[in-house]
Amino acid sequence: MLEIGVGTGRIAYPVALAGCQVTGFDVSAEMLAQTRASQPSGLSERLRLVRADMQAMPFAARQFDAALAVHVLHLSKDLPTVLAEIARLLRPGAAFIQGDDWIDPESVVGKLRNQLRSLAVQHSPNLMPPSAGRPMAERLAELGATEQHEIQVAEWTLHVSPAERLQQVEQRLDAESWFLPPDLFEKLVGALRAFAQATWSDLETPQPVTRRFILKVSRGSW
């Protein structure tokens with residue numbers, strides 16, 4: 001299995017411990033050093049760590065039975081190139097697995113997230129994140145995916161206040177805000193705070209937020 005953006009190894013470690021041969025790469029040398037330092041014992045033969053950029057993956061074609069991407073594709077500067085690279089590396093019938101989050105759109109987190117997106121479009125209609133555009137399923141079908149389905153792995157509920165969520169937004173904890181220019185982001189945060197004050201009379205009381213982790217699995221001839 002190939003993991004794109006192995007990061008801290010939080011996914012690669014348990015997958016390798018379960019018996020898979022895992023190649024994980026990351027663009028950050030510092031991150032890879034941290035991952036190697038914290039690697040559990042006994043994984044040296046089942047986990048290979050490589051420094052690489054997802055726009056040009058340094059591996060031979062048709063090498064992997066699966067590729068996994070969790071919370072990383074939206075950081076791509078050229079999503080079509082990355083997807084073509086993934087398809088190049090997968091054997092026929094192999095699985096491309098995307099890890100994705102679902103957040104209740106009616107929760108405080110969901111409403112503030114959607115409002116921020118709406119405000120961004122209003123202020124700058126032509127500004128889009130690098131991964132925006134055509135649906136992922138359509139892109140993968142063109143690359144050979146003939147079967148696509150979802151698996152809900154987990155569901156849980158947190159309690160978050162509007163004030164707490166606003167603070168998280170201001171700290172840019174969500175990667176989807178990273179591409180916004182600082183001056184525009186400052187305007188959006190001000191407008192988002194005004195929206196929150198108009199929507200909730202109490203910004204300090206925690207509210208339930210239901211979340212799910214979903215695996216989107218695609219297979220095909222690639």
Side-chain angles (χ1 to χ4, degrees), residues 3-15 26-28 30-31 34-35 37-38 68-77 79 97-133 135-137 150-216:
E3 184 180 1
I4 300 157
V6 67
T8 62
R10 66 191 178 94
I11 296 170
Y13 292 160
V15 172
D26 204 285
V27 72
S28 169
E30 293 78 8
M31 182 66 74
Q34 177 183 338
T35 305
S38 61
L68 176 64
V70 179
H71 302 156
V72 69
L73 293 182
H74 61 280
L75 300 177
S76 167
K77 298 175 182 177
L79 182 59
I97 307 166
Q98 302 169 75
D100 201 7
D101 290 321
W102 178 90
I103 301 173
D104 180 1
E106 296 304 313
S107 69
V108 61
V109 174
K111 287 182 177 179
L112 288 175
R113 179 192 60 184
N114 292 336
Q115 182 64 16
L116 180 61
R117 291 173 176 174
S118 177
L119 288 168
V121 171
Q122 293 174 28
H123 281 76
S124 188
N126 296 323
L127 184 64
M128 294 191 301
S131 60
M136 180 66 75
E150 296 185 359
I151 304 170
Q152 181 177 314
V153 178
E155 179 177 295
W156 66 100
T157 298
L158 304 173
H159 287 78
V160 181
S161 71
E164 182 180 1
R165 182 55 188 166
L166 284 170
Q167 185 179 40
Q168 293 170 349
V169 172
E170 291 171 354
Q171 294 172 346
R172 292 205 183 204
L173 297 183
D174 294 326
E176 68 176 37
S177 70
W178 295 351
F179 78 100
L180 296 170
D183 55 341
L184 174 59
F185 182 71
E186 186 176 346
K187 293 178 182 178
L188 296 180
V189 168
L192 189 65
R193 183 167 290 279
F195 168 81
Q197 292 170 342
T199 303
W200 295 284
S201 58
D202 180 4
L203 298 183
E204 301 298 332
T205 300
Q207 301 182 24
V209 179
T210 299
R211 304 188 63 157
R212 297 170 186 160
F213 184 65
I214 297 170
L215 294 180
K216 298 179 179 179

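FYI, side chains are in, hydrogens and waters are out, and symmetry mates aren't considered; it's all heavy atoms of this structure.
- Summarising the geometry, atom CG belonging to Leu184 is positioned 7.0 Å from atom NZ belonging to Lys187; distances are rounded to the nearest 0.5 Å.
- Pairs engaging residues 102-112 under the side chain to side chain donor-acceptor pair (under 3.5 Å) rule: none recorded [sequence neighbours left out].
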Check your understanding: Could you go step by step and tell me if Arg10 and Val70 meet the side chain to side chain contact (heavy atoms under 4.5 Å, CB included) rule?
Key -> CA-CA 11 Å; Arg10 66 191 178 94; Val70 179; 4.1 Å; yes

Review point. Would Leu116 and Phe195 satisfy side chain to side chain contact (heavy atoms under 4.5 Å, CB included), going step by step from the backbone distance to the final call?
Key: CA-CA 10 Å; Leu116 180 61; Phe195 168 81; over 6 Å; no

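- Closest of all the heavy-atom pairs between Ala12 and Val6 is CB-CG2, 3.7 Å.
- The closest donor-acceptor contact from the side chain of Ser118 to the backbone of Asn114 lies at 3.5 Å or more, if one exists at all.
- Atom CD of Gln98 is separated from atom CG of Leu73 by 6.0 Å, given to the nearest 0.5 angstrom.
- Between Glu155 atom CD and Arg212 atom CZ the span is 4.5 Å, to the nearest 0.5 Å.
- A pairwise comparison of heavy atoms in Leu119 and Ala191 identifies CD1-CB, 3.9 Å as the closest pair.
- The distance from atom CD of Gln197 to atom CG of Leu192, rounded to the nearest 0.5 Å, is 10.0 Å.
- Closest of all the heavy-atom pairs between His159 and Pro206 is CB-CB, 3.9 Å.
- Residues Val72 and Gly5 come closest through the heavy atom pair CG2-CA, 4.2 Å.
- Screening residues 157-174 for salt bridge (charged side-chain N to carboxylate O under 4.0 Å, His left out) gives Arg165-Asp174, Glu170-Arg193 as the qualifying pairs, with residues at least two apart or on separate chains.
- When all heavy atoms of Phe213 and Asp101 are compared, the pair lying nearest together is CD1-OD1, 3.6 Å.
- One finds the CG atom of Leu75 at 12.0 Å from the CD1 atom of Ile4 (value rounded to the nearest 0.5 Å).
- Between Gln207 and Pro162 the shortest heavy-atom distance is NE2-CG, 3.7 Å.
- To the nearest 0.5 Å, the span separating CD on Glu3 from OH on Tyr13 amounts to 10.5 Å.
- Inter-residue side-chain proximity for Ser177 and Val169 is flagged as unmet; no heavy-atom pair is nearer than 4.5 Å.
- Inter-residue side-chain proximity for Leu188 and Leu180 is flagged as met; some heavy-atom pair is nearer than 4.5 Å.
- The closest donor-acceptor contact from the side chain of Asp26 to the backbone of Gly7 lies under 3.5 Å.
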